[in-house]
Amino acid sequence: MPELPEVETIARGVHECVRGDRIVEVWFGSHPQPFKTTPLRQARGLEGRAILAVYRAGKHIVCELSAPDERTSGRGKHRNQRGGDAAAHDVSAQWIVHLGMTGRLLVTTPDAPLEPHTHARLNLASGRELRFVDPRRFGRLDFLDLSRVPGFRAPGADPLTVSGDVFASLFHGRKTPIKAALLNQKLLSGVGNIYADESLFRAGIRPRRLCGRLTRSELEGLRLALIEVLRHAIRLGGSSVSDYVDANGVRGFFQLEHCVYQRGGLPCLRCQTPIKRIVLAGRGTHYCPQCQR
DNA sequence: ATATGGCCCTGGTTGC
DNA sequence: TGCAACCAGGGCCATA
């Protein structure tokens with residue numbers, strides 16, 4: 001499941017591949033689930049725009065788009081080109097991609113074999129193609145016209161840049177287990193099941209501990225553990241569990257460094273105690289009963 | 001207001 | 001061996 005490190009890796013890869021390219025033609029599949037904005041509105045909105053930048057916001061991928069170039073948008077071909085590219089670098093729309101559980105964003109050539117469950121194909125002026133593939137259809141696509149709505153903002157703080165004070169205030173006084181709070185995107189945006197379990201292990205904190213009962217120094221330890229885990233995972237290109245690959249179809253390697261996630265019953269890498277698996281907030285949760293208190 | 005549980009989906013795994 | 005039941009889970013929604 002793509003979380004912060006996987007989304008960061010994909011966004012960087014897509015950015016490198018398609019920055020400056022222009023969307024010439026858009027094809028969308030017939031399943032309605034992936035579309036927050038209707039496919040027709042998204043397709044009309046996307047065509048003719050240049051991709052200025054691609055970046056991660058929480059678990060979302062934001063594609064920043066220029067105003068449409070009337071020459072390539074297919075409509076308004078007869079208008080004059082006064083102004084030309086003057087506004088080409090102003091962000092006037094965003095395409096938002098959330099990968100859900102099994103979503104992939106791939107840069108391919110148009111003749112690459114079409115994978116099952118391909119829901120979106122964006123033909124680019126360079127001849128490349130940007131594809132959204134998602135078997136389980138938990139992913140979502142959205143188009144934001146910035147002349148009508150504000151730009152995308154992640155619902156919570158970014159785990160990599162949040163200060164110790166803000167981090168502590170997010171969890172202060174809450175009566176929910178710390179693991180559930182880590183998964184709450186309105187508090188921190190980007191942490192999912194893998195990195196919640198891994199950061200709690202590295203911080204030595206049991207997933208069921210209530211937020212309000214954690215000391216300030218435990219919270220600061222958790223923040224630093226989280227940053228360490230996320231940065232390490234980004235360096236290794238993310239965790240390839242399920243079918244995660246980056247924009248070029250390359251797998252990550254952080255799954256080889258997991259200490260607890262999906263290691264239920266196996267010996268703790270630090271103390272050999274068997275890793276426990278419980279269900280918390282509806283999610284499989286893994287921890288070492290010896291190392292985590 | 002805040003926390004919990006059901007639901008959407010399909011592919012891989014398990015069990016008979 | 002083959003098929004069916006089960007499980008995984010991010011985010012959204014209804015409910016307590």
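The figures that follow rest on heavy atoms only: side chains count, while hydrogens, waters and symmetry mates do not. Owing to the predicted nature of the structure, the values given are computational and were not obtained by experimental measurement.
The two residues A/A225 and A/R202 have their closest heavy-atom pair at CB-CB, 4.0 Å.
Counting non-hydrogen atoms of neighbouring residues, nucleotides and ligands closer than 6.0 angstrom, the NE2 atom of A/H172 reaches no more than 12 such neighbours.
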Within the sub-3.5 Å range, which N or O atoms of nucleotides 1-3 of chain B have a protein N or O partner, and how far apart are they?
{"residue": "B/dA3", "atom": "OP2", "partner": "A/R174", "partner atom": "NH1", "Å": "3.2"}

Report each atom pair, protein N/O against N/O of nucleotides 10-14 of chain B, whose distance is under 3.5 angstrom.
{"residue": "B/dT10", "atom": "OP1", "partner": "A/R137", "partner atom": "NH1", "Å": "2.9"}
{"residue": "B/dT10", "atom": "OP1", "partner": "A/R137", "partner atom": "NH2", "Å": "3.4"}
{"residue": "B/dT10", "atom": "O2", "partner": "A/R136", "partner atom": "NE", "Å": "3.2"}
{"residue": "B/dG11", "atom": "OP1", "partner": "A/H117", "partner atom": "NE2", "Å": "2.7"}

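Remark: A/L269 pairs with A/C259, A/R263 by the side-chain contact (heavy atoms from CB on, under 4.5 Å) rule, at least two apart or across chains. Under the ring-ring contact (aromatic ring centres under 6.0 Å, His included) criterion, A/H286 pairs with A/Y261, sequence neighbours left out.
Between A/R283 and A/L183 the shortest side-chain heavy-atom distance falls below 4.5 Å. Side-chain contact between A/T118 and A/F132: absent, with no pair of heavy atoms (C-beta onward) separated by less than 4.5 Å. Annotation: side chain of A/F171 is not in contact with side chain of A/T176 (no heavy-atom distance under 4.5 Å).
Within 4.0 Å of A/Q185, counting heavy atoms only, lie sugar-phosphate atoms of the nucleic acid but no base atom. The residue A/Y195 sits apart from the nucleic acid: no heavy atom pair falls under 4.0 Å. Among the atoms of the strands shown, none is found under 4.0 Å from any heavy atom of A/G139.
In summary, the side chains of A/T102 and A/D134 do present a donor paired with an acceptor at a separation below 3.5 Å, with no hydrogens or angles considered.
Comparing A/A281 and A/F138 along DNA chain B, the residue whose closest nucleotide (by nearest heavy atom) sits nearer the 5' end is A/A281.
Contact footprint of chain A on DNA chain C: nucleotides with an atom under 4.0 Å from a non-hydrogen protein atom, first to last in 5' to 3' order, C/dA8 to C/dG11.
Ring planes of A/H119 and A/H117: tilted class, angle from 30 to 60°.
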Throw together a table of side-chain donor-acceptor distances under 3.5 angstrom for residues 140-148 of chain A, partners on residues two or more places apart or in other chains.
{"residue": "A/R140", "atom": "NE", "partner": "A/Q33", "partner atom": "O", "Å": "3.2"}
{"residue": "A/R140", "atom": "NH1", "partner": "A/Q33", "partner atom": "O", "Å": "3.0"}
{"residue": "A/R140", "atom": "NH1", "partner": "A/R137", "partner atom": "O", "Å": "3.1"}
{"residue": "A/D142", "atom": "OD1", "partner": "A/T37", "partner atom": "OG1", "Å": "2.3"}
{"residue": "A/D145", "atom": "OD1", "partner": "A/S147", "partner atom": "N", "Å": "3.0"}
{"residue": "A/D145", "atom": "OD1", "partner": "A/S147", "partner atom": "OG", "Å": "2.8"}
{"residue": "A/D145", "atom": "OD2", "partner": "A/S147", "partner atom": "OG", "Å": "3.4"}

